[in-house]
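Everything numeric in this text was worked out from a predicted model, so none of it was measured. Just so we're on the same page: letters track the sequence lines, and every chain starts at 1.
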There are 2 protein chains.
Amino acid sequence: MEPTDTRSRLVLAAMQLFWEKGYNSTSIADVLQTAKVNSGSLYHFFPGKSDLLAAVLDMYHDGIRQMLLQPAWAGVKDPIDKIFALLGRYRCPIGSLALELHEPDEPVRERLAKNFRAWIDAIDDCLQQAKVRLPAGVTRRELAQFVLTTMEGGVMQARTFRDVSYFDAGVRQLHHYINGLARAPTTSAIVKKRQLRQ
Amino acid sequence: MEPTDTRSRLVLAAMQLFWEKGYNSTSIADVLQTAKVNSGSLYHFFPGKSDLLAAVLDMYHDGIRQMLLQPAWAGVKDPIDKIFALLGRYRCPIGSLALELHEPDEPVRERLAKNFRAWIDAIDDCLQQAKVRLPAGVTRRELAQFVLTTMEGGVMQARTFRDVSYFDAGVRQLHHYINGLARAPTTSAIVKKRQLRQ
DNA sequence: GTCTATACCCTGATAGAC
DNA sequence: GTCTATCAGGGTATAGAC
C-alpha cells in the first residue's frame, strides 16, 4: 500500500471528479483517464461504479476530523464560533451527491447518512459544550440537524442562482437565530449567576 | 389546443416522471410510453430532452399560484401561518431537480431560478403582510430566502435518512426562529399601541 | 403532425492473455 | 494485478414515408 497505489489513485480520482462533475456525469472512462489506470484494474478492485462511490464516501467519512474539523477549528475556542467556522469554510461536499442520486442503492445511501450523521455529531458536540448558554427548551440534536439543513439548503440555492451570497445569507440567518438562543460566551461563574437570577 | 393534446400530454408525463424517478433516470422512452406518444412527435415539439425539462419548469412556475398557494392558503388568514401552511403541505418539487442537475444548461438553470424566486416572492409577501410584527432589523427578503433554504435542506436530509421527520424538525426550528422574531398576531390597533410603547 | 424503423454513440462491464 | 480489445445494452436523436 504505497501512497499512490492503484486503488488509492482510483478513489482519489473518483472523489475529485464526482465533486467537479457530479456522479452521473462522471464516466468510468473519466475516472480511468484521471487515475491513469486501465479498465481491468478498476474492476479488479471494485465490482462496479457504485462501489467506487461507496469507497469515496468512506474516505470522506474517515477524513472528516483530520481534514475538515481540525483545520477549521484551529485557534477557535468558543463552541458556537466553531459551528460558524465550519459553515464559513465548507459547503458539505456530500450534499450535492446526496440529492444527485435520486434513489441510491442501500450501501451508498447508508454511507451518505453516515456522513451526514458525522457532521451532525460534530455540531452536536459544539452545542453540548455550549450547553449552559442554551435555554432549557432547546432540543440540541434537532438544532444540530438544523445547522446541516441550512448548509445543504444554502448550497442548493447558491448553485441555482450561481451566487454564493445566497449561502452566506442563510448562514447569517442561522447565526441570528442561534445568537438569539444562546447567551454570549461567558465564564461559567457568570453563567451561573445569570441562571440564578432567572 | 384541446385539454389532452400531444404536447400537453408530453409535458405532463415528463413532469410526473421527473418527479417520481428524477430527470436522469427518466428516459425519453419512458416519457413516450407514459404519454402514449411516438418519438417523432416528441421531437416535433421539442429539440431535445432538456427542452422538455424547460417546459416542465415553465408549467411549475405558471401553476404556482393556482395549484400551490391557493389550496394551501384556503382558510388561513394570518400571514405567518400561511408560510407554515406552505411548508406543511409541500416539499418544493423543484428542489430535487435543482441539485440533480449538476450543471444545467442556461435555459434550464434560468427556469430553476425563476421558480425559486417565485417561492421566495410568495413568502416575502407573507412577511410583508406581517411587517408590523417583525423587528426593524430583519432583512425581509433574506428571511424569505431562509424559509426556502430550510425547505430545500429539509427535503435533502429527509430523503437521505429516509425519514420525513428530519424535514419536520427543520420546519419546527424555523418556526421557533420566526416565532422568536415576530410578535403574536394582533389587531393593528394593539400593534400600534405596542409600537408606541417601545 | 404522426408514424416506424433505425442510426449512432457512450455507457458500464467483461474476456482472457500476460 | 495489469493490460488490450471488445461486448451488449440503453440512451438520445434522426430519417423519411404517410
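If you measure from atom CG of Leu32(B) to atom P of dT4(C), you get 11 Å, rounded to the nearest angstrom. Computed from coordinates, the Leu42(A) CG to dG1(D) P distance equals 14 Å when rounded to whole Å. For the pair Phe46(B) CZ and dT12(D) P, the computed distance is 15 Å after rounding to whole Å. Rounded to an integer number of Å, the gap from Leu10(A) CG to dG1(D) C1' is 12 Å. Whole-Å rounding puts the Asp51(A) CG to dA13(C) C1' distance at 12 Å. The interatomic distance linking Leu53(B) (CG) with dT12(D) (P) rounds to 13 Å, in whole Å. Distance CZ (Phe45(A)) to C1' (dA13(C)): 17 Å, rounded to an integer number of Å. When the C1' atom of dA13(D) is taken as reference, atom CG of Asp30(B) falls 16 Å away, rounded to whole Å.
Looking at heavy-atom distances under 4.0 Å, Thr26(A) makes contact with sugar-phosphate atoms alone, never a base. Using a 4.0 Å heavy-atom distance criterion, Thr6(B) is classed as a sugar-phosphate-only contact.
Counting only heavy atoms from C-beta outward, the side chains of Cys126(A) and Trp73(A) approach each other to under 4.5 Å.
Closest to the Lys49(B) side chain, of the nucleotides dT12(D), dG12(C), dT2(C), is dT12(D). Set against dT2(C), dG11(D), dT2(D), the side chain of Asn38(B) has dT2(C) as its closest nucleotide. Considering only the side chain of Ser39(B), dA13(D) comes nearest among dA13(C), dT2(D), dA13(D). For Ile28(A), the side-chain atoms get nearest to dA13(C) when compared with the rest of dT4(D), dA13(C), dA13(D).
Under the 6.0 Å cut-off for aromatic ring centres, Phe146(A) and Tyr177(B) do not qualify, their centroids lying 6.0 Å or more apart.
Listed for the Asn115(A) side chain is no donor-acceptor partner under 3.5 Å among the backbone atoms of Leu112(A).
For the OP1/OP2 pair of dT14(D) and a distance below 4.0 Å, the side-chain nitrogens and oxygens of Tyr43(B) include no atom meeting the criterion.
Side chains of Ser41(B) and Asn38(B): a donor-acceptor N/O pair is absent below 3.5 angstrom, by distance only. In this model, no donor atom of one side chain and acceptor atom of the other lie less than 3.5 Å apart for Thr139(A) and Arg172(B).
Projected onto DNA chain C by closest heavy-atom contact, Gly40(A) and Val37(B) fall at different nucleotides, the more 5' of which corresponds to Val37(B).
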